[in-house]
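What you see is a predicted model, and the numbers here were worked out from it, not measured in a lab. Chain letters run A, B, ... following the sequence lines, proteins first, then strands; residues in each count from 1.
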There are 2 protein chains.
Amino acid sequence: MSEKISPAVIRRLPKYYRYLEELESKKIDKISSSQMSIEMGLNASQIRRDLNCFGGFGQQGYGYSVEKLKKEIARILGLDQRYNVIVIGAGRIGQALMGYKNFMLEGFNVVDIFDNDPAKVGTEVLGREVMDVARLSSYLEEKNIDIAIICTPKEYAQQSADLLVSFGIKAIWNFAPTDVAVRRGVAVENVHLSDSLYVLSYKLKEKIKGTGI
Amino acid sequence: MSEKISPAVIRRLPKYYRYLEELESKKIDKISSSQMSIEMGLNASQIRRDLNCFGGFGQQGYGYSVEKLKKEIARILGLDQRYNVIVIGAGRIGQALMGYKNFMLEGFNVVDIFDNDPAKVGTEVLGREVMDVARLSSYLEEKNIDIAIICTPKEYAQQSADLLVSFGIKAIWNFAPTDVAVRRGVAVENVHLSDSLYVLSYKLKEKIKGTGI
DNA sequence: TAGATTGTTAATCGATTAACAATC
DNA sequence: TAGATTGTTAATCGATTAACAATC
């Protein structure tokens, strides 16, 4: 597995990817670390170091091929694969994520949505019938699901995760405002929207303070 | 303003806050850094150091008062204030955020939602009429809005931000999949949902690789 | 007082940046 | 070849952790 890649580098990869998509849409086919540095607001050394973690994608005296680099980063992130995704919790956030087109473009295919509320089960969300979480076990046995998105209230988040993991789910994207714990071997990303809002609130306060008011 | 607080510390504050809320709901009224360390998965030294950035909230030989500590962190994050919030973009994400009850509990009051699509303007979203972005200028002159949430497609994100800033908005919470740039003096938090999904995809790949398959 | 736990300094670790040799 | 730019090592910076004196 060669060298362990640092989490800091991994978190920057999507940003590189977005930037490269933009270059591609502008028909730019080569780019240097110093130009990226200016446009992305990162240090050029850092960019070269980051990209070099995965192999020498660049060429001295020339720079990086946009197409090649984008393809490599996609491969590293696993965006060259297709994923079947389910949503747990048919509230507004769950429904919104189910319909988020941008994910589909990159191979994340949201196939079904579940809830435990009898009032919601059976109703239609974006052309899909909301399924009962009670059917999750048999559902997951049949279908090949890669990722589950947890959009339940926080009280249900951990037990949902436990259930999903016990049925073999290997990746959880958690939107409930609590950290979910899983055994080693299962991937989790906690999103924590309100954390981000609180940080914004802090920053706002600092800005106002800065003006001397 | 004493010492500059590091961004890493700020990002942990919401997590402390969530944890303290939980303790409070369990009627626990004191806590030590070592207990927090076990339950939060952070290093005890780090916790004491973090909390000490803002003043000596603890008491030697005793620990921290849950109530006092929670109140202090709320104050630091600015959660003791009330904020008026508007949403730009009445798509599914915008609507979901508008209805997200958890924010309201902490003083973030989403008052109106805007869109530039004539088909959406005038329709009702959660009991609120979608307003035309063209009316933003006069609207912001009248009302006292603190935070704008950008939920537009990425093509509109930067121009929305520019507009909002020119009308005096001081804090932007951006959900469009692109970084928005603003002048110094304006606070921005970029959320980037797909970045987080890509990182999950990477982690999943690593986990699968780890099993030797 | 003795025990516990904070606040804080010193040591370590990891991440970023600068510098430059390698090479296209 | 000369110029440009990467890949990579060395230097710096910042964040985490360990250790312990202060003190409740």
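- Contacts of residues 27-37 of chain A with DNA chain D (heavy atom under 4.0 Å): A:S32, A:S33.
- Other residues, nucleotides and ligands contribute only 12 or fewer heavy atoms inside 6.0 Å of the NZ atom of A:K154.
- By the 6.0 Å and 45° rule, B:K30 stacks over the aromatic ring of B:Y62.
- A heavy-atom distance below 4.0 Å to DNA chain D is reached by these residues of residues 56-64 of chain B, ordered by number: B:Q59, B:Q60, B:G61.
- Atoms CG (A:L51) and C1' (D:dG7) sit 11 Å apart, rounded to a whole Å.
- Pairing of C:dT23, defined by two Watson-Crick or G-U wobble distances under 3.5 Å, is identified with D:dA4.
- Using a cutoff of 4.0 Å between basic side-chain nitrogens and carboxylate oxygens, A:E22 and A:K15 are not scored as salt-bridged.
- Taking the charged nitrogens against the carboxylate oxygens, A:K71 and A:E67 do have a contact shorter than 4.0 Å, which makes a salt bridge.
- Distance B:I5 CD1 to D:dA15 C1': 14 Å, rounded to the nearest Å.
- For A:R11 and C:dA15, the shortest distance from a side-chain N or O to OP1 or OP2 is not below 4.0 Å.
- Remark: the B:S6 side chain and the D:dA15 base include no donor-acceptor N/O pair separated by less than 3.5 Å.
- For A:F54 and D:dT8, the CZ to P distance is 14 Å, given to the nearest whole Å.
- C:dC13 atom C1' lies 15 Å from atom NZ of A:K4, rounded to whole Å.
- Heavy-atom neighbours of A:Y156 OH from other residues, nucleotides or ligands within 6.0 Å: at or below the threshold of 12.
- In this structure, B:N52 does not reach the C:dT6 phosphate: none of its side-chain N or O atoms is under 4.0 Å from OP1 or OP2.
- Side-chain N/O atoms of B:R48 include none lying less than 4.0 angstrom from OP1 or OP2 on D:dA22.
- By the 4.0 Å N-to-carboxylate-O rule, A:R12 lies close enough to A:D50 to be salt-bridged with it.
- Computed from coordinates, the A:Q46 CD to D:dC13 C1' distance equals 13 Å when rounded to whole Å.
- Within 3.5 Å, a donor on the side chain of A:R49 pairs with an acceptor on the base of C:dT17, or the reverse.
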- Item | Step-by-step side-chain contact (heavy atoms from CB on, under 4.5 Å) determination, A:I86 to A:L136 | CA-CA 10 Å; A:I86 56 172; A:L136 208 46; 4.0 Å; yes
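- The distance between the ring centers of B:Y100 and B:F108 does not fall below 6.0 angstrom.
- The base-pairing partner of C:dT17, taking Watson-Crick or G-U wobble contacts with both distances under 3.5 Å, is D:dA10.
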- Verdict with reasoning, A:F114 to A:Y139, per ring pair (Phe, Tyr, Trp, His ring centres under 6.0 Å): CA-CA 11 Å; A:F114 292 80; A:Y139 176 92; 4.9 Å; yes
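- The CG-C1' distance, from A:N43 to D:dC13, rounds to 12 Å in whole Å.
- A straight line from CG of B:D50 to C1' of D:dA18 spans 16 Å, rounded to a whole angstrom.
- A salt bridge links B:R18 with A:D195; the closest basic N to acidic carboxylate O contact falls under 4.0 Å.
- In this structure, A:R12 atom CZ and C:dT17 atom C1' are separated by 12 Å, rounded to whole Å.
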